Amino acid sequence: IRRTLTPAASSRRASQLPFVFSTSPERSSLPIVTIAAVAIVGQYGLVQIRPFEAADAQAAAELIRPLQPGILITPAYLVHRESSEPERAQRRSWLALENSEILGFATSAVKWDEPGAVGRFWIGVRPDRRKGGIGSTLYDLAEQHARAAGVQRLTVEVDDDPDGLRFVEARGFERVSAEIVSSLDPQLADLGELDGLLAETSAAGFELTTLQAMAGRRDDLAEFYEAA
């Protein structure tokens, strides 16, 4: 496990520990089947699984947000991700619903910005509806999609979720890295040192600016992020 950041203890910060897992589809014991429409008869009734649509974004974001706290999940974010990625990403997403209520979400894509045939997926099921086959069925769809896309290695992030850890490890995934994601409430932060830091960096020739002001320097930004 590699921890990329360890924040100092503070009552103003809330930390999560996302683990990154990896496996090869060839190691999975799950059969690959063609599923046109999926229905699960469980303890509560009939659960339908169908593709995600833009109209589902609000309810999907409300489900995902507490399950994936390391990312700011909004309806606009989900719609933008589905519609803006290049076709080579081959992203597909699904919902699990019961009486129009969203119980689970899954998404699977090719990591087109990395070398090699690497896939990435994420599955989330409402905690009170787990262990009923919803997550397993969503995983089947995600894995089937990855195989069809020619993926040789699958990765997934698990956000400090013991159920999620057990779920992916039972399917042959191995932990490859981990990082601390911290949050800070700006209203409670002590900003007393900023004026001094700003004066010091300005004297050294640095300029503080907004990301929006850099909109015309996309190549420079891309080079910076690649180097970082």
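Note that the structure is a prediction, hence the values are computed from the model and not measured.
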Take atom [atom1] of [X] as the centre, draw a 6.0 Å sphere, and report whether it contains more than 12 heavy atoms from other residues, nucleotides or ligands.
| X | atom1 | answer |
| --- | --- | --- |
| Arg65 | CZ | yes |
| Glu62 | CD | yes |
| Asp219 | CG | no |

> Do Pro127 and Leu67 have side chains that get closer than 4.5 Å, going by heavy atoms?
Replying inline: yes

> Does a side-chain heavy-atom distance below 4.5 Å link Leu208 with Thr201?
Replying inline: no

> Is any side-chain N of the basic residue among Glu157 and Arg120 closer than 4.0 Å to the acidic one's carboxylate O?
Replying inline: no

> Would you call Arg129 and Glu101 a salt bridge, using N to O less than 4.0 angstrom?
Replying inline: no

I need the minimum non-hydrogen distance between [X] and [Y], along with the two atoms involved.
| X | Y | value |
| --- | --- | --- |
| Ala96 | Ile134 | CB-CG2, 3.6 Å |
| Pro75 | Ala57 | O-CB, 3.6 Å |
| Val158 | Leu165 | CG1-N, 3.7 Å |
| Ile64 | Ile73 | CG2-CG1, 4.0 Å |
| Val156 | Phe121 | CG2-O, 3.2 Å |
| Ser108 | Trp94 | CB-CZ3, 4.1 Å |

>> With side chain to side chain contact (heavy atoms under 4.5 Å, CB included) as the criterion, how do Arg50 and Asp56 come out once you've worked through the C-alpha distance, each side chain's angles and the decisive distance to 0.1 Å?
In response: CA-CA 11 Å; Arg50 63 164 173 80; Asp56 304 313; 2.9 Å; yes

> Parallel, tilted or perpendicular: which describes the rings of Phe105 and Trp122, with under 30° parallel and over 60° perpendicular?
Replying inline: tilted

>> Quick one, Glu169 with Arg175, criterion side chain to side chain contact (heavy atoms under 4.5 Å, CB included). Give me CA distance, side-chain angles, the key distance, then yes/no.
In response: CA-CA 8 Å; Glu169 288 176 338; Arg175 196 177 304 180; 3.6 Å; yes

> What's the verdict on side chain to side chain contact (heavy atoms under 4.5 Å, CB included) for Asp159 and Ile71, showing C-alpha distance, side-chain angles and the deciding distance?
Replying inline: CA-CA 10 Å; Asp159 292 83; Ile71 301 176; over 6 Å; no

> Ignoring hydrogens and geometry, is there a side-chain-to-backbone donor-acceptor pair from Arg130 to Gly135 under 3.5 Å?
Replying inline: no

>> Please determine whether residues Leu63 and Leu97 belong to a single hydrophobic cluster, defined as Ile, Leu, Val, Met, Phe, Trp and Tyr linked transitively by side-chain heavy-atom distances below 4.5 Å.
In response: yes

>> For Arg171 and Ser136, which I'm curious about, is there any donor-acceptor pair between the side chains at under 3.5 Å?
In response: yes

> After noting the C-alpha distance and the side-chain angles of Arg91 and Thr107, does the key distance pass the side chain to side chain contact (heavy atoms under 4.5 Å, CB included) rule?
Replying inline: CA-CA 7 Å; Arg91 180 174 295 279; Thr107 188; 2.7 Å; yes

